[in-house]
Amino acid sequence: MIRDFEVTVLGNTSSIPAHGRNHTSQVIRIGQDLVLLDCGEGTQIQLRRFKVKVSKISHIFISHLHGDHYLGLVGLLSSYNLSRRKSPLFLYGPPGLDDIITTHFRHSHTELTYSLHFTATDPSGMNQLVDHPNFKVFSFPLLHRLPTTGFLIREKQGYRNLIKEKLQKQKLPLEAIHSLRKGVDYVGADGSFYSVREYCYPAPPLRSYAYCSDTIYHPEIIQYFQNVDLLYHESTFVEADSARAAVTFHSTAKQAADIAMQSGAKKLLLGHFSSRYGNLEPLLEEAQSVFPESILSVEGDTYQI
């Protein structure tokens, strides 16, 4: 069974909200599971605007502590508390984020109705953060003015689809069916043998999504997300402003496209646009000149992975 795996863009601007664009945030849906990548100012408004089931979010990942990537977090956590959330929430981000949250809630005399579990990210090397039944999440280092991590989400194999015609010809024990659906050949106590290859359709290829929030052009990161199905890479500037990109440790759209091409990504999603650009078509044109499978992120749009 092929589960949904998609990303909805909630915000795609950089430091200053402008031109109707909001601070960085994305929600990823894998089957029935929702995770949030970054939580800039206004994120919870965008979640409701685009009718995301906020209560379904179980994991939140913060790439770094520049305000346009996390200043919406305390508001979202507070709203969860006001709505009497009960299910646990897992939060991953740079060391110090826990102090920020704890300080706010201490001074506002807030006692959360749900358990909040914080894990500090490590911006050195690739690290596994989550091993969920349906997916895995890894962090990897980016090169920015503050310690910053990107995130890689890899789908895990789901249940296999059985070939009904085979089952109609031969009645299999229930234990064999359960084993085959998990992708495991079955050997019965009586010596009977049923192979996944014979009784199941081929498994669909597993999909992956890489999220590179803020980073200077840094080809060393390619090793962490080779051949991903969809790569999000910040593209703050056009090439004419590449000097500004270097000074601020950001990337141009053309540089993002170069990373996509070198990494073997199937598609590139551009974002984190500077407020100096009302028209984003020049960024798209520059990216597509290097990597034709480049697209602009649009707030409220959902992209299949």
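Note: hydrogens, waters and symmetry copies are ignored here, and every other heavy atom, side chains too, is used. Computed from a predicted model, the values in this text were never measured in an experiment.
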Item to check | Considering all heavy atoms, the nearest His69-Ser63 contact | outcome: ND1-OG, 3.8 Å

Item to check | His66-Asp214 side chain donor-acceptor pair, cut-off 3.5 Å | outcome: no

Next on the checklist: Looking at Glu175, is its backbone amide N or carbonyl O close enough to the side chain of Ser179 to form a donor-acceptor pair, meaning the two atoms are under 3.5 Å apart?
Outcome noted: no

Next on the checklist: Contact between Thr110 and Asn81 at the side-chain level, heavy atoms closer than 4.5 Å - yes or no?
Outcome noted: yes

Checklist entry - Are Leu36 and Ser25 close enough that some pair of their side-chain heavy atoms sits under 4.5 Å apart? => result yes

Checklist entry - Are Phe5 and Ile28 close enough that some pair of their side-chain heavy atoms sits under 4.5 Å apart? => result yes

Next on the checklist: For Phe225 versus Ala210, what's the shortest heavy-atom pair and its separation?
Outcome noted: CB-CB, 3.6 Å

Next on the checklist: To check you understand the geometry: which heavy-atom pair defines the closest contact between Tyr114 and Arg85, and what is its length?
Outcome noted: CB-O, 3.4 Å

Checklist entry - Does a salt bridge link Arg276 with Asp241, judged by any charged N lying under 4.0 Å from a carboxylate O? => result yes

Checklist entry - Cut-off 3.5 Å, side chains only: do Tyr209 and Asp229 have a donor facing an acceptor? => result no

Next on the checklist: Testing the 3.5 Å rule here: is there a donor-acceptor pair between the side chains of His272 and Ser14?
Outcome noted: no

Checklist entry - In terms of side-chain heavy atoms, does Gln226 have a donor or acceptor partner in Ser263 at a distance below 3.5 Å? => result no

Checklist entry - Judged by modelled atom types alone, do Ser79 and Gln44 share a side-chain donor-acceptor pair under 3.5 Å? => result yes

Checklist entry - Taking the six-membered ring for Trp, are Phe151 and Tyr211 parallel (under 30°), tilted (30 to 60°) or perpendicular (over 60°)? => result parallel

Checklist entry - Does Thr148 reach the main-chain N or O of Leu142 with its side chain, forming a donor-acceptor pair under 3.5 Å? => result no

Next on the checklist: I'd like to know if the side chain of Glu299 reaches the main chain of Asn12, judged simply by a donor and an acceptor atom lying under 3.5 Å from each other, with no hydrogens or angles considered.
Outcome noted: yes

Checklist entry - Parallel under 30°, tilted from 30 to 60°, perpendicular over 60°: which one fits the rings of Tyr194 and Tyr199? => result perpendicular

Checklist entry - In terms of side-chain geometry, is the basic nitrogen of Asp4 or Arg29 positioned less than 4.0 Å from the acidic oxygen of its partner? => result yes

Checklist entry - Do the side-chain N and O atoms of Glu155 and Asn134 include a donor-acceptor pair separated by under 3.5 angstrom? => result no

Checklist entry - Are His250 and His144 close enough that their ring centers fall under 6.0 Å? => result yes

Next on the checklist: Looking at every heavy atom in both Pro94 and His64, which two are closest together, and how far apart are they?
Outcome noted: CG-CA, 3.7 Å

Checklist entry - Do Thr119 and His117 meet the criterion of a side-chain donor-acceptor pair at a distance under 3.5 Å? => result no

Checklist entry - Going by the angle between their ring planes, with limits at 30° and 60°, are His59 and His132 parallel, tilted or perpendicular? => result perpendicular

